[in-house]
Amino acid sequence: MSDTGARVAVITGAASGIGRGLAEYAASQGLRLVLGDIDAACLATVAEMLSERGAEVAWQLTDVSQPQHLETLRDLAVQRFGGVDLLFNNAGIMQTGLCWEVDAAKWQRMLDVNLNGVLNGIRSFMPLLLQQKRPAHVINTASLAGLINSPLLGPYNVTKQAVVAISETLHYELAMLDAPIIVSVLCPGPVASSIMESNSCIGDADARLDTLLGSRVRKGMRPLQLAQQVFAAIDEQRFWIFPHKFFKPALQRRLQSILDETNPVLQKAQE
């Protein structure tokens, strides 16, 4: 990236995990920051820490499921810094369980945060980015679950695959308009974060999965390490951002199964 000191990055879900890692790395590169998160106390702590390191930071309590919250975050960016160069639609939560046992309220909450949070960000910021008539970049956080389905992750699979779909659609639409705006979709594997704290276990199988996923998350990639890869991909204007490469054989099996019109096969845990 050139002239990073003049750039403004908006990051949702910035109080912890991937979002915090993105904020810390962006600050280290001299970007000005507009941070949003539903956890105002943790967000204030992160903003204060980055400010003490010399970053210019504005922050706002943001529930991404509420369209007006994203509009407020956009207006804050314009008022404080005059515009937006990087938009990270990053906030997300987790829900596990057999898909028919996850109640309607939990399904709706997953849709509201993981999918509508991205859509609300796109709707709120895209008119501004187009009006600016200068290069900008939108980065939507999906997951490897956006590409590969696993049991007991129904709500997560559905929302993250929808994020991949809307990201690719947005990419085509901006190309159709010949707009100077790049789109990327971030599909990480395990990243050390507090996302499992948003999960509510439903049954015994779900509890076992929660324990397994929690262990993988704790041992996952450090958010700052992931952020370095994300910003390298931004430099290269890559659509697909895959910090973890281990998933590709599983994706290849899935794609070949689709092309061959064969039934999906559940892979054993040891595989």
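In this chain, residues are counted from 1 in sequence order.
Of all the heavy atoms in Leu33 and Ala26, the pair that sits closest is CD2-CB, 3.6 Å. In plain terms, the two heavy atoms of Leu153 and Met94 that are nearest each other are CD2-SD, 3.9 Å.
Contact annotation: the side chain of Pro67 approaches that of Asn120 to within less than 4.5 Å [non-hydrogen atoms, C-beta and beyond]. Between Val118 and Ile122 the shortest side-chain heavy-atom distance falls below 4.5 Å. In this structure, His69 and Leu61 have side chains that are in contact, with non-hydrogen atoms separated by less than 4.5 Å. Contact of the Leu170 side chain with the Met126 side chain is registered, since non-hydrogen atoms from C-beta on lie closer than 4.5 Å. You'll find the side chain of Gln229 reaches within 4.5 Å of the side chain of Met221, heavy atoms only. A heavy-atom distance below 4.5 Å is found between the side chains of Leu147 and Phe242. In this structure, Leu35 and Phe88 have side chains that are not in contact, with every pair of non-hydrogen atoms separated by 4.5 Å or more. Between Asn116 and Val64 there is no side-chain heavy-atom pair separated by less than 4.5 Å.
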Applying side chain to side chain contact (heavy atoms under 4.5 Å, CB included), run through Leu73 and Val34 and close with a yes or a no.
CA-CA 7 Å; Leu73 199 65; Val34 180; 3.8 Å; yes
Stepwise side chain to side chain contact (heavy atoms under 4.5 Å, CB included) check, Val191 with His244
CA-CA 10 Å; Val191 177; His244 302 80; 4.1 Å; yes
Please step through side chain to side chain contact (heavy atoms under 4.5 Å, CB included) for the pair Gln60 and Thr72, ending with a clear verdict.
CA-CA 8 Å; Gln60 176 71 44; Thr72 299; 4.1 Å; yes
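Considering only residues two or more places apart in sequence or on other chains, Asp37 meets the side-chain contact (heavy atoms from CB on, under 4.5 Å) condition with Ala15, Asp39, Leu43. For Arg74, there are no side-chain hydrogen bond (donor to acceptor under 3.5 Å, both in side chains) partners two or more places apart in sequence or in a different chain. Under the side-chain contact (heavy atoms from CB on, under 4.5 Å) criterion, Ala162 pairs with Leu115, not counting sequence neighbours. Not counting sequence neighbours, Gln228 has no partner by the side-chain hydrogen bond (donor to acceptor under 3.5 Å, both in side chains) test. Scored by the salt bridge (charged side-chain N to carboxylate O under 4.0 Å, His left out) test, Asp85 finds Arg134 as partners (sequence neighbours excluded). Among residues two or more places apart in sequence or in another chain, the side-chain contact (heavy atoms from CB on, under 4.5 Å) test is passed with Gln68 by Gln66, Glu71.
Contact check on Lys106 versus Asp103 returns a salt bridge, with a Lys/Arg side-chain nitrogen under 4.0 Å from an Asp/Glu carboxylate oxygen.
From Leu111, atom CG reaches atom CD of Gln95 across 11.5 Å, with rounding to the nearest 0.5 Å. Once rounded to the nearest 0.5 Å, the distance linking CD of Glu48 with CH2 of Trp59 reads 10.0 Å. Remark: Arg222 CZ to Leu224 CG distance equals 10.5 Å, nearest 0.5 Å. Interatomic distance, CZ of Arg32 versus CG of Leu50, reported as 15.5 Å (0.5 Å rounding). Atom CG of Asn157 and atom SG of Cys99 lie 10.0 Å apart (nearest 0.5 Å).
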Cut-off 3.5 Å, no hydrogens considered: what does the side-chain donor-acceptor table look like for residues 173-187, sequence neighbours left out?
| from | atom 1 | to | atom 2 | distance (Å) |
| --- | --- | --- | --- | --- |
| Ser184 | OG | His137 | NE2 | 2.7 |
| Ser184 | OG | Arg238 | O | 2.5 |

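Enclosure of atom CD in Gln131 is not indicated, since only 12 or fewer non-hydrogen atoms of other residues, nucleotides or ligands lie within 6.0 angstrom.
Linking ILVMFWY residues whenever their side-chain heavy atoms come closer than 4.5 Å, directly or via other members, leaves Ile38 and Leu76 in distinct clusters.
Residue pairs meeting the ring-ring contact (aromatic ring centres under 6.0 Å, His included) criterion with at least one partner in residues 7-48, sequence neighbours excluded, are Tyr25-Phe231. The ring-ring contact (aromatic ring centres under 6.0 Å, His included) contacts involving residues 99-132 comprise nothing, where partners must be two or more places apart or lie in separate chains. Listed by first and then second residue, the side-chain hydrogen bond (donor to acceptor under 3.5 Å, both in side chains) pairs that reach into residues 138-153 are Asn89-Asn140, Asn90-Thr141, Asn140-Ser167, Asn149-Gln161, sequence neighbours excluded. Pairs passing the ring-ring contact (aromatic ring centres under 6.0 Å, His included) check and including a residue from residues 163-183, sequence neighbours excluded, read His171-Phe239. Annotation: side-chain hydrogen bond (donor to acceptor under 3.5 Å, both in side chains) contacts involving residues 11-20, sequence neighbours excluded, comprise Ser16-Ser194, Arg20-Glu24.
The closest donor-acceptor contact from the side chain of Ser65 to the backbone of Asp63 lies at 3.5 Å or more, if one exists at all. Under a 3.5 Å cut-off, the side chain of Thr159 and the backbone N or O of Tyr156 do form a donor-acceptor pair. Panel note: side chain Ser257, backbone Arg253; no donor-acceptor pair is recorded below 3.5 Å.
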